[in-house]
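Here is the structure we will look at, set down as structure tokens.
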Amino acid sequence: MDNLKEDLKTQIIEQLNLEDITPADIADDAMLFSDDGLGLDSIDALELIVLLEKYHGIQVTNPDEGKVAFKSINTMADYIHARLG
Amino acid sequence: MSLITTYCHLSADICSVNGEIVAKRNIESDESWFRQIYKEQEFAYPKFNKMDILSQAGFLASELIKRANPRIATAYGDDEIALFFANHASSADTDMRFVHSYEHNGAPSPSLFVYTLPNIVLGEIAIANKWYGENMFAVLPKFAPEFFFNYGQILLSGSSKAILCGWLEILGNAINVFLFFVENNVENGTAFNHENLLKLSSFNL
Amino acid sequence: MTYIGAEVIISPMGGTTAENWSAMRANRSGISLVSKAGFDNADFYLSKILSLSGGYKFEKLLLEALESVSAMIDPEILSSERTIIIVSSTKGELDEDIKDQFSHSAKALVTRFKLVNEPVIVSNACISGVLAINTAQQFIQAKIYDHAVVIGCDVISDFVVYGFQSLFAISDAPCLPFDAQRNGITMGEGCGAVVVSNAKEIFQNAPLALFPGTSANDANHISGPSRTGEGLFRSVKRTLELNKIATDEIDFISAHGTATVFNDEMESIAFDRLGLNDVPLNSLKGYFGHTLGAAGVIETAASMQMMRNSTLIKSLGYQASGTSKTLNVISENKEKKLNTILKTASGFGGGNASLIIRSL
């Protein structure tokens, strides 16, 4: 589980080209889309959908699903576990 | 009479304002050239990191022009500054990156796709400044002083009181950026005409 | 006075303006299901010219459109030094040369029609067409040129389909502008052309009057419409004021109406703020799909046909209101004398543009 979270942080930094940010800067429960967190926006959310397919083989067909799943590293990890059963 | 009051050049290794060098590329650095300028000049606009190279160039040059000419921030209403840019390569640099995303990197990248239009840089500058004025992006065979002069005059004879104009050519390592600000009713500047545009546009500093 | 006429439309509904008009009058769409059009071989509804095959589609359409134009005006005009060709497009011939998306076609136009001036390309996302027509008007009013031919063209490519697919912006059915069930755009391809001139006599058929238009940026987001419709509101307001035209003089609005949830909602808010709720309005995307840089020219040409034929054309795909502000979306074709019409466009990069055409 923890490995998945660390992997996700690296993948997000890579996929979103986040400059000046290291995995250690992202707390597991930080709000990814809030300005106090990573300050991601709606296009980043779509990029996270690409990430899920690319690294985890998970297809998201309804972007609204992403809104719930992408709240934080914790919710993303939970979502991946649920989808992969 | 309309005057060019401030201008900025960006080439592959030099950044200058009104002909004076403000930054030189450090080829030893791991940072991209535009990130070097961004950091050195101490800009603080996190969105910069998400922009494509065309928008980064437009953002840097417009911010440097604003620093050199504080009037811009105070003398005009929010819809009185028109943005009028042109180039030859359109958004080709980012277009190729987007093609790469779906041909070689698994899936089309939405964050690249939204930058695959040359006029996005106008939007970024409008957003950064809350400018609601006129916009135009044209694709031309080469830098055409006459076109900038003609259409610039048209904009200035309408509701726009000033124009931020630019030639923004970026393709691979070739960078030719020349942004200039044209105003009416000011005392100091270079007459806005073909000859001066040609002279100032020279990228060989 | 600036005149506009000699309108040309090439779309999946036909290669001539007359064929397109008869399809619109019959409320027939150019949209069809195209198999394996998307990334991962997804099927998509597209407004695609199925007869257009091989390479250089963009160039072929430009040449065909200008050929049609040349038959409708004084033949001396195209090769005059007082004439400029303005092409509006987003991606041009990207499939042929991604590093140089317009030069080959522009040269082909120059050679074939013996143009004196190099064509100018206006590339401002989805407002390109309206902006190009406005630019033509401004060039002529400023006496820089006497005549301008505006050609709007974009073709469907994997590039644009995959892109809009990655944004989840493509509708799973033919698009439904302003409707409660709308869920995205339908991509289209096509070419439109109009001639703008200071001389009435160059037109074989009587032209209409083109008024100066304006553009305004939302200053809000590069790929999402403003929630308040600020740029569209400002552009239309400025265009009306510039021409001293009151809202009650507008007989029809050719809206942008892409059929995404947010765009159509934004337009309803802008038109509501402008007090234009009651003016009959349509989106022609249900017929032509979203032809991006061509849309403004194709839809202006189609609106000119509506004026000439005194007919309001139904907004195809619309059944029940799906915007927070009420609009008078045209639900059936209707005969009506159209004196003054408003054309608007909004697009990526936060751009908005508007123009006004009046019957003479």
Side-chain angles (χ1 to χ4, degrees), chain B residues 51 55 78-79 82-83 86-93 95-96 98-99 101-103 107-142 144 146-147 150-151 153-155 157-159 171-172, chain C residues 39-40 86-87 89-92 94 97-103 106 118 120-128 131 135 138-139 141-142 144 158-168 212 214-223 230-231 234-235 238 241-242 347-353:
Chain B
M51 294 177 188
S55 290
D78 64 5
D79 60 357
L83 301 174
N87 72 7
H88 178 68
S90 182
S91 52
D93 201 274
D95 294 355
M96 290 189 283
F98 176 64
V99 170
S101 76
Y102 64 79
E103 286 189 348
S109 161
S111 57
L112 282 174
F113 181 66
V114 295
Y115 283 99
T116 61
L117 292 159
N119 65 301
I120 298 297
V121 56
L122 305 178
E124 291 286 14
I125 293 173
I127 292 165
N129 296 285
K130 283 280 157 205
W131 284 343
Y132 299 88
E134 298 263 346
N135 282 184
M136 160 64 78
F137 200 105
V139 177
L140 307 170
K142 59 178 195 301
E146 193 163 304
F147 183 72
N150 286 337
Y151 195 69
Q153 288 292 0
I154 286 171
L155 288 168
S157 66
S159 62
L171 190 56
Chain C
F39 189 72
D40 282 342
I86 304 177
V87 175
S89 178
T90 61
K91 301 315 306 165
L94 172 127
D97 188 350
I98 196 167
K99 290 185 180 173
D100 192 354
Q101 300 170 14
F102 298 102
S103 294
E118 288 266 9
V120 167
I121 317 294
V122 171
S123 191
N124 267 69
C126 307
I127 72 163
S128 302
L131 198 59
T135 305
Q138 291 164 326
F139 273 148
Q141 185 171 288
I144 293 163
D158 289 348
F159 187 103
V160 290
V161 176
Y162 296 179
F164 281 101
Q165 188 180 358
S166 80
L167 298 180
F168 289 87
T214 66
S215 70
N217 199 288
D218 282 329
N220 175 63
H221 198 278
I222 58 161
S223 58
E230 188 64 22
R234 288 192 188 220
S235 169
R238 225 183 283 160
E241 285 172 1
L242 181 62
F348 277 11
N352 300 269

query = Does the side chain of B:Tyr115 reach to within under 4.5 Å of the side chain of B:Ser55, using non-hydrogen atoms?
reply = yes
key: Atom group of B:Tyr132 that falls short of 4.5 Å from chain C, counting heavy atoms   = both
note = If you tally heavy-atom pairs under 4.5 Å between each of B:Pro118, B:Ala138, B:Gly133 and chain C, the highest tally belongs to B:Gly133
message = So which residue, B:Pro141, B:Ala144, B:Pro108, B:Ser101, ends up with the most heavy-atom pairs under 4.5 Å with chain C?
response = B:Pro108
request  = Count the heavy-atom pairs under 4.5 Å between each of C:Asp218, C:Thr90, C:Val87 and chain B, then report the option with the highest count.
outcome  = C:Asp218
message = Counting heavy-atom pairs under 4.5 Å with chain B, which one of C:Asn220, C:Leu242, C:Asp158 comes out on top?
response = C:Asn220
message = Is it true that C:Asn124 and C:Ser128 share a donor-acceptor pair across their side chains at a distance under 3.5 Å?
response = no
query = Considering residues at least two apart in sequence or located in another chain, which fulfil the salt bridge (Lys or Arg N to Asp or Glu O under 4.0 Å) criterion with B:Glu103?
reply = none
query = Checking heavy atoms, do the side chain of C:Ile144, its backbone, both or neither come under 4.5 Å from chain B?
reply = side chain
note = From the list C:Ala219, C:Gly351, C:Gly349, the residue making the most non-hydrogen contacts under 4.5 Å with chain B is C:Ala219
task = Output the option from C:Ala125, C:Ser103, C:Gly350 having the highest count of non-hydrogen pairs under 4.5 Å with chain B.
result = C:Ala125
message = Counting C-beta onward and ignoring hydrogens, is there a side-chain heavy-atom pair between B:Ser159 and C:Glu241 closer than 4.5 Å?
response = no
ask   = With no hydrogens and no angle check, do the side chains of C:Lys99 and B:Ser90 hold a donor and an acceptor under 3.5 Å apart?
value = no
ask   = For B:Ser157, is it the side chain, the backbone, both, or neither that has a heavy atom closer than 4.5 Å to a heavy atom of chain C?
value = neither
query = Of the backbone (N, CA, C, O) and the side chain (C-beta and beyond), which part of B:Ala107 lies under 4.5 Å from a heavy atom of chain C, both, or neither?
reply = both
inquiry  = Is a donor from one side chain sitting under 3.5 angstrom from an acceptor on the other, for B:Asp95 and C:Gln101?
reply    = yes
query = Pick from C:Ile127, C:Ile86, C:Asp40, C:Val122: which one has the most heavy-atom pairs with chain B under 4.5 Å?
reply = C:Val122
task = Please answer whether the main-chain N or O of C:Ala216 pairs with a side-chain N or O of C:Asn352 as donor and acceptor at a distance below 3.5 Å.
result = yes
Under 3.5 Å donor-acceptor pairs involving side-chain atoms of residues 159-168 of chain C, not counting sequence neighbours:
unit_1   : atom_1 : unit_2   : atom_2 : d
C:Gln165 : OE1    : C:Phe39  : N      : 2.6
C:Gln165 : NE2    : C:Phe39  : O      : 3.2
C:Ser166 : OG     : C:Gly163 : O      : 2.7

ask   = Of the listed residues (C:Arg238, C:Gln138, C:Arg234), which shares the most heavy-atom pairs with chain B below a 4.5 Å separation?
value = C:Arg234
query = Is it the side chain or the backbone of C:Gln141 that comes within 4.5 Å of chain B heavy atoms, both, or neither?
reply = neither
query = Is it the backbone or the side chain of B:Ile120 that comes under 4.5 Å from a heavy atom of chain C, or both, or neither?
reply = both
ask   = Within the side chain of C:Ser215, is there an N or O that forms a donor-acceptor pair under 3.5 Å with the backbone of B:Asn135?
value = yes
query = By a 4.5 Å heavy-atom criterion (distance strictly below it), what part of C:Thr214 contacts chain B: side chain, backbone, both, or neither?
reply = both
